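Scroll down for the structure; my scribbles are underneath it.
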Number of protein chains: 2
Amino acid sequence: MKKIAPGPDPDEGIATVSDRTLRTLLGYQMKRTFNVIQSDLSRTLKPFDLRMLTYTALILIVDNPGLRQSQLAEAMDIERPNLVVIVDELERRDLILRDRVESDRRAYALKATLAGRRLCEKAVAAVTAHEKLLLKGISPDALTTAMKVMQLIESNRLREA
Amino acid sequence: MKKIAPGPDPDEGIATVSDRTLRTLLGYQMKRTFNVIQSDLSRTLKPFDLRMLTYTALILIVDNPGLRQSQLAEAMDIERPNLVVIVDELERRDLILRDRVESDRRAYALKATLAGRRLCEKAVAAVTAHEKLLLKGISPDALTTAMKVMQLIESNRLREA
DNA sequence: TATTGTTATACTCTATAACTATA
DNA sequence: TATAGTTATAGAGTATAACAATA
């Protein structure tokens, strides 16, 4: 139980987050934890001039050559218009290319350049090392369970009302 | 393994998110899951004219009468300036009050009004019902483990570099 | 008609510095 | 001098409508 508020007498009573609050605020702990991961990631990626979104996009393009923008947007769970600036930035820095698809000239096949693959490897190594610290004291089993829980929540996503 | 990209021949090969990607992208699954919870929450709270932040603030004030703004900001893991508009909105709608603290006239003691407590109960009921759907198929043990993992990650937060 | 990528735009959330009034 | 709350502001992330080119 987390103590967050002093009672009427600052030196005495301490109010707490109620059990009710903890039970109902599924998003509460999740957001706090995500903030920790996000801010750690931002700091780790700063030397590479990457943010969480550009880092994620770069990894997915490196690992899935030929990916189209609409597929990448879906994989990253963001809207297509918001992906454009991310791909723009990676392309401007010559980390990826937009190749026209011959069979469908509306689409682009995204591919990482050699520079993109190299930066990706370095960034992944740095992030992996950092995450080891964040995951200290957590058993592999517990982590696996947590990942499964998150995947289940995602698969329970409600179809648009 | 998640299929996200068609190979050279759309009808044939399917690329996948590599094991490497899944291992290194701790934030990847977390963000997707958080998006699901967040967007479900937004939809659920719309009838009450609440957002995740105003909802969280309201619950914490209802459950911790006398809370000060700086404590609330810390509990919500947001900066003080960003809390001001949230508290403003709740106060404008007469869901909470800013009571001056006699012993420290710089601070406010936040308290929910009757209307605030009533709206809170209704919103919590709606959210709880929705979350039951999101958590379908997840055992209580697994959920507990997932929550513990998140708390451990949070406690491993690195001090500012 | 429908889809891919794009532009424009608006809204929310976040982060920082500087101010005021109290301590 | 330090702290609680505030203002102003800038930067990210997100969501929607509408467009051109192509299917």
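Owing to the predicted nature of the structure, the values given are computational and were not obtained by experimental measurement. Chain identifiers are assigned alphabetically (A, B, ...) following the order of the sequence lines, protein sequences preceding nucleic acid strands; residue numbering begins at 1 within each chain. Values below: all heavy atoms of this structure, side chains included; hydrogens, waters and symmetry mates excluded.
The NZ-P distance, from A/K46 to C/dA15, rounds to 11 Å in whole Å. D/dG5 atom P lies 12 Å from atom CD of B/E74, rounded to whole Å. One can place OH of A/Y108 at 10 Å from C1' of D/dA21, the figure rounded to the nearest angstrom. Computed from coordinates, the A/R51 CZ to C/dA15 P distance equals 15 Å when rounded to whole Å. With rounding to whole Å, A/I78 atom CD1 is found 15 Å from D/dA12 atom P. The distance from atom CD of B/Q69 to atom C1' of C/dA21 is 14 Å, rounded to the nearest whole Å. Nucleotide C/dT3 holds its C1' atom 13 Å from the CD atom of A/Q71, rounded to whole Å. A/D77 places its CG atom 13 Å from the C1' atom of D/dG13, with the value rounded to the nearest Å.
With DNA chain D read from its 5' end, the first of the two nearest nucleotides for A/E102 and A/M52 is the one closest to A/M52. Mapped onto DNA chain D by nearest heavy atom, A/D104 and B/K31 fall at different nucleotides, with B/K31 at the one closer to the 5' end.
Using a 4.0 Å heavy-atom cutoff across all strands shown, B/R98 reaches sugar-phosphate atoms only and no base atom. At the heavy-atom level, B/E79 lies under 4.0 Å from base atoms of the strands shown.
Annotation for B/T113 and B/D94: closest pair OG1-O, 2.7 Å, computed over non-hydrogen atoms. Across every non-hydrogen atom of B/E154 and A/Q29, the tightest pair is OE1-NE2, 2.7 Å. Residues A/G27 and B/M52 approach most closely at O-CE, 3.5 Å, considering heavy atoms.
Contact annotation: the side chain of A/L110 approaches that of A/R98 to within less than 4.5 Å [non-hydrogen atoms, C-beta and beyond]. Within the 4.5 Å cutoff, the side chain of B/M150 has heavy atoms near those of the B/M30 side chain.
Closest contact between the side chain of A/R106 and the listed nucleotides C/dT3, C/dT14, D/dA15 involves C/dT3. When the nucleotides D/dT14, C/dC13, D/dG5 are ranked by their closest atom to the side chain of B/A107, D/dG5 comes out on top.
The phosphate of D/dG5 has neither OP1 nor OP2 within less than 4.0 Å of any side-chain N or O from B/R100. Phosphate contact (OP1/OP2 of C/dC13, side-chain N/O of B/Q38, threshold under 4.0 Å): absent. Remark: B/S70 is not in phosphate contact with D/dT3, judged by side-chain N or O atoms under 4.0 Å from OP1 or OP2.
Interface residues of residues 80-90 of chain B facing DNA chain D, ordered by number: B/R80, B/P81, B/V84; criterion, heavy-atom separation under 4.0 Å.
Inspection of the A/Y108 and A/R68 side chains reveals no N or O donor paired with an N or O acceptor under 3.5 Å.
Atom NZ of residue A/K31 and atom CE of residue B/M76 lie 6.0 Å apart, to the nearest 0.5 angstrom. Rounded to the nearest 0.5 angstrom, A/L58 CG and A/L45 CG are separated by 10.0 Å.
Under 3.5 Å, the side chain of A/R105 and the base of D/dT22 form no donor-acceptor pair of N or O atoms.
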